[in-house]
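A short worksheet on the structure shown next.
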Amino acid sequence: MKFSVPEMSCGHCTASIEKAIKEADPAAQVACDLPSRSVEVTSALSAEAIAATLDEIGFEAKPAA
């Protein structure tokens with residue numbers, strides 16, 4: 001699953017995003033791409049659950065094509 005996260009702007013943002021997703025699903029694989037402001041996630045969680053997790057920590061995430 002790939003998400004567009006427009007407010008992700010620094011290394012601290014990516015660390016927070018990775019931490020939040022891994023807390024929700026410890027087996028998740030998370031790859032943040034700062035230049036494109038996107039996050040790629042491999043997880044048993046649904047896209048809605050991941051978007052909700054990111055929303056809880058202050059990042060609006062939309063599924064990306």
Side-chain angles (χ1 to χ4, degrees):
M1 293 175 275
K2 192 170 186 177
F3 297 89
S4 170
V5 187
E7 288 120 24
M8 182 174 70
S9 60
C10 66
H12 182 264
C13 295
T14 61
S16 296
I17 288 168
E18 287 180 28
K19 181 179 178 209
I21 293 172
K22 287 190 176 280
E23 282 178 0
D25 177 9
Q29 292 183 325
V30 184
C32 296
D33 183 25
L34 206 45
S36 69
R37 297 187 182 206
S38 65
V39 179
E40 205 158 330
V41 182
T42 303
S43 172
L45 297 173
S46 68
E48 292 80 15
I50 292 170
T53 297
L54 295 179
D55 191 51
E56 286 173 19
I57 62 166
F59 291 98
E60 184 181 346
K62 293 186 169 37

Cut-off 3.5 Å, no hydrogens considered: what does the side-chain donor-acceptor table look like for residues 23-30, sequence neighbours left out?
{"from": "D25", "atom 1": "OD1", "to": "A27", "atom 2": "N", "distance (Å)": "3.1"}
{"from": "D25", "atom 1": "OD2", "to": "S43", "atom 2": "OG", "distance (Å)": "2.6"}
{"from": "D25", "atom 1": "OD2", "to": "A44", "atom 2": "N", "distance (Å)": "3.3"}

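- Rounded to the nearest 0.5 Å, atoms CG (D33) and OG (S38) are 4.5 Å apart.
- Note that CZ of F3 and CD1 of I21 are 7.0 Å apart. Values are rounded to the nearest 0.5 Å.
- In terms of heavy atoms, A20 sits closest to I57 at CB-CD1, 3.7 Å.
- Residues in residues 40-65 take part in these salt bridge (charged side-chain N to carboxylate O under 4.0 Å, His left out) pairs, two or more places apart or across chains: E60-K62.
- Interatomic distance, OG1 of T53 versus CZ of F59, reported as 13.0 Å (0.5 Å rounding).
- When all heavy atoms of L54 and A61 are compared, the pair lying nearest together is CD1-CB, 3.5 Å.
- Of all non-hydrogen atoms in S46 and M1, the two that sit nearest each other are C-SD, 4.1 Å.
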Fill in: Residues C32, M8; criterion side chain to side chain contact (heavy atoms under 4.5 Å, CB included); working and verdict
CA-CA 9 Å; C32 296; M8 182 174 70; 4.1 Å; yes
